[in-house]
Novice: 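Here it is: the structure, laid out below.
Predicted, not measured: the structure shown is a model, and the values here were computed from it. The analysis underlying the following values was restricted to heavy atoms, covering all of them including side chains, and did not include hydrogens, waters or symmetry mates. Throughout, protein chains are lettered first and strands after them, A, B, ... in sequence-line order, and every chain is numbered starting at 1.
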Amino acid sequence: MQGDHPNNARKNDQNPKQIGPRSNRYEPHQIEAKWQRRWEEARVFEVSSHPSRPKFYLLEMFPYPSGRIHMGHVRNYSIGDVMARFRRMQGFNVLHPMGWDAFGLPAENAAIDQKVHPAVWTFQNIDFMRNQLKKLGYSYDWSREFATCTPEYYKWNQWVFLKMYERGLAFRKKSFVNWCPSCQTVLANEQVEAGLCWRCNAEVTQKELEQWFLKITAYAEELLKGCEELAGGWPERVLTMQSNWIGKSHGAEVDFPLAELHGCIRIYTTRQDTLYGATFMVLAPEHPMAKELCRGTLQEAKVMEFIERQSRVEKFVREAESTEKEGVFTGQWAINPLTRERIPIWVANFVLMEYGTGAIMAVPAHDQRDLDFARKYSLPVRVVIQPQEGTLDQENMTVAYTQEGTLVQSGPFDGMPSSKAREAIGQYLEEQGIGRRTVNYRLRDWGISRQRYWGTPIPMIYCQRCGTVPVPYEQLPVILPLDLDLLEGGRSPLPASEEFLKVACPECGRQARRETDTMDTFVDSSWYFGRYTCPHYTQGPLDPQEVGYWMPVDQYIGGIEHAILHLLYSRFWTMFMRDLGLYREGEPYRRLLTQGMVCKESHYCPEHEYLFPEEVEERDGMPHCLKCGSPVRVGRVEKMSKSKKNVVDPDRIVSRYGADTVRLFCLSDSPPEKDLEWSDQNVEGCYRFLNRFWNLVCDRLEVTKDVEPYRGELPPEGPARSLLQATHAAIKKVTEEIEERYHLNTAISAIRTLVNQIQELEPQGLDSRSRSVLRLAMETALVLLYPFVPHICEELWERLGQPDSLVDHPWPKWDEAMLLREEVQVVVQVNGKVRAQLTLPAGASQQRVLEAAMADPRVQKHTGGRSPRKVVHVPDRLLNLVL
RNA sequence: GCGAGAGUGGCGGAACUGGCAGACGCGCUGGACUUAGGAUCCAGUGGGGCAACCCGUGGGGGUUCAACUCCCCCCUCUCGCACCA
């Protein structure tokens with residue numbers, strides 16, 4: 001990486017005499033600036049809807065304006081740009097927009113650290129990053145750019161929120177949340193690291209707060225069903241993750257009457273077939289009945305102490321599997337509705353209030369958690385399912401039997417297979433009115449309230465008289481005031497701003513108070529793709545005409561880290577917007593490509609932890625820490641990150657080699673969905689290839705000048721024929737790799753193969769037909785390479801004398817007839833081992849191939865003159881002689 | 001524990017429905033041109049063997065004329081979920 005050779009003059013230049021503005025040397029910065037300017041001036045990437053033209057909506061996940069583009073962005077957007085330019089050449093009307101996910105915490109952190117307003121910081125970053133993206137030459141329609149932190153956009157977040165509120169899908173509820181007492185705010189789960197606030201390291205507690213929720217669970221079934229329909233277009237693992245997250249289970253709710261008190265406790269189980277084995281019950285500590293039940297019993301003090309203690313344990317600690325199961329008896333009993341036995345009611349830490357009903361029936365013989373708990377507190381164990389083989393010993397068993405079997409000790413259901421018993425007992429419960437079969441989801445409603453400043457204000461008003469009142473539509477947007485500064489510790493200034501807070505109640509006109517929480521930023525990214533189709537529309541969030549033409553997104557590209565959150569939220573949001581009549585379909589993304597991470601080797605010193613490469617010195621062939629001299633561990637390839645000190649700044653690479661080199665590297669070393677390992681040497685290799693390609697074309701400008709690309713018949717055997725065939729083979733391979741498999745790395749290697757073959761044809765002394773074939777091969781290589789490295793290709797295309805830009809050049813088609821070979825290589829195997837290779841006319845019969853094979857001395861040597869017992873012939877490929 | 005994916009030269013990775021394993025590139029070796037080469041070009045490059053040949057896709061079995069590819073068992077790694085009743 002040191003030295004300046006990429007900028008060296010090419011001293012052995014074939015044609016050093018040419019001077020003036022048009023140098024014969026590959027000068028990436030000059031040509032990149034030139035073509036970026038031309039594209040921009042001609043507005044070639046600005047598109048509009050054309051109902052008669054086929055559309056293709058290509059979208060990459062928009063960036064958070066963090067300050068600088070990183071290599072992950074470059075990879076993501078380079079993949080997208082190939083697809084966009086490729087589809088455009090295929091004749092599609094391609095929408096390829098870019099914008100900014102501009103609300104969020106980092107802006108507030110910057111405000112605290114740098115004393116700059118979040119809005120100022122955000123827009124400065126946007127300006128800087130937009131410039132970076134432009135220098136990379138992506139084919140965006142910049143006329144559609146927007147940032148989500150503008151009122152023109154977030155107005156419609158508020159509008160949709162009110163629509164949800166009208167339909168009961170936005171509601172306020174008390175719930176436990178992660179709370180940082182020092183920052184005075186709710187934290188998302190991702191912002192809690194090992195129980196500490198990621199920013200101030202204060203211990204995060206659980207706090208019960210009134211929060212706004214969106215009822216994503218109302219769409220649980222459709223979200224799940226969609227996972228099946230998206231199969232094929234989406235990576236399977238993303239769909240699996242979403243299905244697991246939704247977590248549908250079939251079971252039953254059963255009411256257990258209290259023995260001494262009125263009322264009953266409702267539980268949820270998936271194993272109603274084990275109901276006869278329920279020997280105790282357990283409530284979550286937060287269960288509303290937990291405190292009630294123990295009141296007045298001898299257990300009261302103990303239970304209250306336990307509940308109090310559990311409330312102080314952070315959720316993630318309590319939910320960890322390693323946490324010891326712990327509980328107390330409430331002093332109350334319930335009746336098992338099937339056995340009519342009295343069973344004790346406990347409160348324990350391993351039961352979660354959020355799942356099911358927050359209460360369980362414990363069947364220790366057939367559930368490991370229940371068994372662990374039963375053994376610890378000496379509670380009874382009763383086997384009600386016996387396996388096919390062997391007999392369970394309920395007195396001594398330590399491993400619960402959770403599989404299928406035959407019912408025992410289960411009254412009228414004895415002898416029934418457990419799967420059948422689930423149905424039968426479920427039905428019986430319904431007949432008796434003590435329970436019902438039901439479906440349960442793991443998915444929880446989406447809490448969107450944030451005690452933050454830099455976000456969309458939630459459009460609600462609290463009136464002492466009228467209660468919670470929505471802001472009337474005509475008063476939208478509720479503007480986030482920009483003349484406020486964050487309070488100490490990053491606290492939101494909204495609750496302290498009289499001007500913002502005080503508002504007339506829309507119903508009674510008396511003074512009321514605005515909601516001061518803002519929305520989770522995932523709201524912003526839940527529908528931005530729709531807004532790109534009509535970024536300036538003012539009559540609603542979406543222009544039906546534009547949306548009708550462009551949506552859904554045909555190809556979405558982004559990181560796997562959004563597999564659940566963003567991709568689930570936006571599916572939900574789209575389904576809701578569809579129900580409002582804003583979309584025709586509920587699924588926003590037809591095809592999804594999740595690209596891998598960009599990784600690089602890290603350097604780790606046992607003393608000083610992660611080191612920058614320049615903090616490492618080579619000594620005795622071993623890397624050592626410059627600070628302390630300790631040997632440094634290298635060779636571990638990890639995701640590029642500041643903390644690992646292994647990031648490569650795209651700007652540095654662009655300024656050294658140009659955008660085309662960075663793009664080519666990011667696309668050629670790995671298939672898009674896999675991780676990409678950064679390699680300085682391979683970047684160098686890409687730069688060398690572009691130089692070689694440049695020189696190759698420039699050196700052949702003379703011989704191909706005024707020559708038409710070849711369009712005739714397949715010439716006879718010879719270099720021209722080979723090159724023509726190679727050209728068509730490359731078109732076929734590259735087209736299929738991009739279109740069907742997204743394997744851009746193998747597409748690139750196919751182009752490199754073609755370039756190598758062009759180079760093999762000595763350009764001097766060619767006949768006119770060969771020059772024509774050469775011209776075709778060169779043009780084809782340029783066109784195929786164009787989506788990957790557009791600048792160099794446009795420049796060479798122009799130098800070839802082409803009047804048009806490659807932007808709208810039709811993607812080439814291959815001719816199968818050109819791929820036909822007169823002669824083929826047939827492999828001859830003897831007993832499955834390759835022994836000879838024969839050159840034979842294509843389509844030779846088995847008889848013909850066999851004769852040729854038997855005449856081959858190497859084959860004869862291995863057959864020893866014997867005739868084969870069996871002959872396997874794969875036409876034009878292989879002949880296997882089995883002796 | 002459950003779920004998903006992966007394991008191929010010195011390295012990144014090819015081989016799409018079983019049919020010449022290692023495409024393409026990086027690195028390396030030798031050579032040419034050079035005052036010079038970290039530029040460019042040419043040749044070579046899975047391992048072993050002088051050779052004929054033999055051995056090679058995490059390990060072990062199997063199916064098949066033929067297995068990186070299909071089946072069974074095992075090992076390792078990565079990711080996701082994880083006390084979900």
Novice: Please determine, for the side chain of A/Asn880, which listed nucleotide (B/C24, B/G27, B/C65) has the closest atom?
Specialist: B/C65
Novice: Which part of the nucleic acid, if any, lies within contact of A/Asp370, taking any heavy atom under 4.0 Å across all strands shown: a base, the sugar-phosphate backbone alone, or nothing?
Specialist: nothing
Novice: Please state the P separation for the pair B/U76 and B/A43 - nearest whole angstrom.
Specialist: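 These two P atoms come out 46 Å apart once rounded.
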Novice: Between A/Thr753 and A/Asn349, who's closer to the 5' end of RNA chain B by nearest nucleotide?
Specialist: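 Whichever sits nearer the 5' end wins; that is A/Thr753.
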Novice: Whole angstroms only, please: what is the CG-P distance between A/Asp669 and B/A14?
Specialist: 10 Å
Novice: Using a 4.0 Å heavy-atom cut-off, does A/Gln837 contact any base of the nucleic acid, only the sugar-phosphate backbone, or nothing at all?
Specialist: base
Novice: Please measure how far the C1' atom in B/C68 lies from the corresponding atom in B/A14, and state the result in whole Å.
Specialist: 11 Å
Novice: Counting only Watson-Crick pairs (N1-N3 plus N6-O4 or O6-N4) and G-U wobbles (N1-O2, O6-N3), all under 3.5 Å, who is the partner of B/U45?
Specialist: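 Partner of B/U45: B/G27.
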Novice: Would you confirm whether A/Asp370, through its side chain, and A/Val381, through its main-chain N or O, come within 3.5 Å as a donor-acceptor pair?
Specialist: no
Novice: Name the pairing partner of B/G13, where a pair is Watson-Crick or G-U wobble with both distances under 3.5 Å, or state none.
Specialist: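 By the stated definition (distances under 3.5 Å), nothing pairs with B/G13.
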Novice: Please tell me if the side chains of A/Leu878 and A/Val834 come closer than 4.5 Å, counting only heavy atoms from C-beta onward.
Specialist: no
Novice: Heavy atoms only, 4.0 Å cut-off, all strands: where does A/Val363 land among base, sugar-phosphate and nothing?
Specialist: nothing
Novice: Counting only side-chain heavy atoms from C-beta out, which of B/G25, B/C84, B/C24 sits nearest to A/Arg442?
Specialist: B/C84
Novice: Distance between the C1' atoms of B/G9 and B/G58, in whole angstroms?
Specialist: 15 Å
Novice: Whole angstroms only, please: what is the CZ-P distance between A/Arg444 and B/C84?
Specialist: 12 Å
Novice: Which nucleotide, if any, forms a Watson-Crick or G-U wobble pair with B/G7, using both distances under 3.5 Å?
Specialist: B/C75
Novice: Between B/U35 and B/G49, how far apart are the C1' atoms? Round to whole Å, please.
Specialist: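 Result for the C1' pair: 44 Å, nearest Å.
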Novice: Please determine, for B/C50, whether a Watson-Crick or G-U wobble partner exists with both distances under 3.5 Å, and give it or none.
Specialist: none
Novice: Quickly work out the A/Gln759 CD to B/C41 C1' distance and round it to whole Å.
Specialist: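 A/Gln759 atom CD is separated from B/C41 atom C1' by 9 Å.
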Novice: Given B/C11, is OP1 or OP2 found less than 4.0 Å from the side-chain N or O atoms of A/Asn682?
Specialist: no
Novice: Where the side chain of A/Val351 is defined as all heavy atoms beyond and including C-beta, which of B/G19, B/C20, B/A85 is the nearest nucleotide?
Specialist: B/A85
Novice: For A/Glu760 and A/Asn756, which I'm curious about, is there any donor-acceptor pair between the side chains at under 3.5 Å?
Specialist: no
Novice: Is any side-chain nitrogen or oxygen of A/Lys870 closer than 4.0 Å to OP1 or OP2 of B/C65?
Specialist: yes
Novice: Using only side-chain N and O atoms of A/Lys861, determine if any of them is under 4.0 Å from OP1 or OP2 of B/C53.
Specialist: yes
Novice: Can you tell me, in whole Å, how much space there is between the C1' of B/G37 and that of B/G59?
Specialist: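 Nearest-Å result for B/G37 against B/G59 at atom C1': 47 Å.
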Novice: Please state whether the phosphate of B/C55, meaning OP1 or OP2, lies under 4.0 angstrom from any side-chain nitrogen or oxygen of A/Lys833.
Specialist: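 So the side chain of A/Lys833 is within the cut-off, an N or O lying under 4.0 Å from OP1 or OP2 of B/C55.
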Novice: To the side chain of A/Ser749, which of B/C65, B/A85, B/A23 is closest?
Specialist: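 Nucleotide nearest to A/Ser749's side chain: B/A23.
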Novice: When you measure from the side chain of A/Trp814 to the backbone N and O of A/Thr727, does any donor-acceptor pair fall under 3.5 Å?
Specialist: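 Here the side-chain-to-backbone pair does not exist.
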Novice: So what does A/Gln829 touch, heavy atoms closer than 4.0 Å: a base, only the sugar-phosphate, or nothing?
Specialist: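 Base contact.
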Novice: Report yes if at least one side-chain N or O of A/Tyr355 is closer than 4.0 Å to OP1 or OP2 of B/A85; otherwise report no.
Specialist: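 It does, given that an N or O in the side chain of A/Tyr355 lies less than 4.0 Å from OP1 or OP2 of B/A85.
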Novice: Let's see if you can work this out: which of B/C53, B/A14, B/G19 has an atom nearest to the side-chain heavy atoms of A/Lys674?
Specialist: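 Among the listed nucleotides, the one closest to the side chain of A/Lys674 is B/A14.
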Novice: Enter syn or anti for the glycosidic conformation of B/G37, syn applying to angles within 90° of 0.
Specialist: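 What B/G37 shows is an anti base, its glycosidic angle lying more than 90° from 0.
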Novice: When rounded to the nearest Å, what value does the distance between C1' atoms of B/A4 and B/G13 take?
Specialist: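 Approximately 22 Å lies between the C1' atom of B/A4 and that of B/G13.
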Novice: Taking the P atom of each, how far is B/A67 from B/G18, in whole Å?
Specialist: 13 Å
Novice: Please report, rounded to the nearest Å, how far the P atom of B/G13 is from the CD atom of A/Glu677.
Specialist: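 In whole Å, B/G13 P lies 7 Å from A/Glu677 CD.
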Novice: Parallel under 30°, tilted from 30 to 60°, perpendicular over 60°: which one fits the rings of A/Tyr377 and A/Trp346?
Specialist: tilted
Novice: If you compare every side-chain N and O of A/Arg877 against the phosphate oxygens of B/A66 (OP1, OP2), does one of them come in below 4.0 Å?
Specialist: no
Novice: Please classify the nucleic acid contact of A/His873 as base, sugar-phosphate, or nothing, using heavy-atom distances under 4.0 Å.
Specialist: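 No contact.
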Novice: Among B/G27, B/G25, B/A85, which nucleotide has an atom closest to any side-chain atom of A/Asn756?
Specialist: B/G25
Novice: Give the rounded distance in Å between these two atoms: CD of A/Glu236 and P of B/G5.
Specialist: 5 Å
Novice: For B/G25, does either OP1 or OP2 sit under 4.0 Å from a side-chain N or O belonging to A/Arg688?
Specialist: no
Novice: Once you apply a heavy-atom cut-off of 4.0 Å, does A/Arg237 come out as touching a base, just sugar-phosphate, or nothing?
Specialist: sugar-phosphate
Novice: Nearest of B/G3, B/A85, B/G19 to any side-chain atom of A/Asn244?
Specialist: B/G3
Novice: Would you mind checking if A/Asp367 and A/Arg369 are paired as a salt bridge, meaning a charged N to carboxylate O distance below 4.0 Å?
Specialist: yes
Novice: Verify the distance criterion only: is there a donor paired with an acceptor across the side chains of A/Gln272 and A/Arg437 at less than 3.5 Å?
Specialist: no
Novice: Distance check needed: B/C41 P versus A/Phe689 CZ, whole Å only.
Specialist: 12 Å
Novice: Counting Watson-Crick and G-U wobble pairs only, both distances under 3.5 Å, name the nucleotide matched with B/C70, or none.
Specialist: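 The base-pairing partner of B/C70, which may sit in any strand shown, is B/G62.
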Novice: How close or far is atom C1' of B/C24 from atom CG of A/Leu785, stated in whole angstroms?
Specialist: 14 Å
Novice: Taking 4.0 Å as the cut-off, does a side-chain nitrogen or oxygen of A/Ser670 come that near to OP1 or OP2 on B/G13?
Specialist: yes
Novice: Look only at the side chain of A/Asn349 and the backbone of A/Pro285, and say whether a donor-acceptor pair between them is shorter than 3.5 Å.
Specialist: no
Novice: Measure the distance from NE2 on A/His862 to P on B/C54 and round it to the nearest whole Å.
Specialist: 6 Å
Novice: Check every atom of B/C41, B/G3, B/G13 against the side chain of A/Arg692 and return the nucleotide holding the closest atom.
Specialist: B/C41
Novice: Are A/Glu638 and A/Ser602 linked by a side-chain donor-acceptor pair shorter than 3.5 Å?
Specialist: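 A donor-acceptor contact under 3.5 Å links the two side chains.
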Novice: When we call it a touch if two heavy atoms are under 4.0 Å apart, what does A/Pro671 touch: a base, just sugar-phosphate, or nothing?
Specialist: sugar-phosphate
Novice: With P as the reference atom in both, quote the distance from B/A21 to B/A36 in angstrom, rounded to an integer.
Specialist: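 Comparing P positions in B/A21 and B/A36 gives a spacing of 45 Å.
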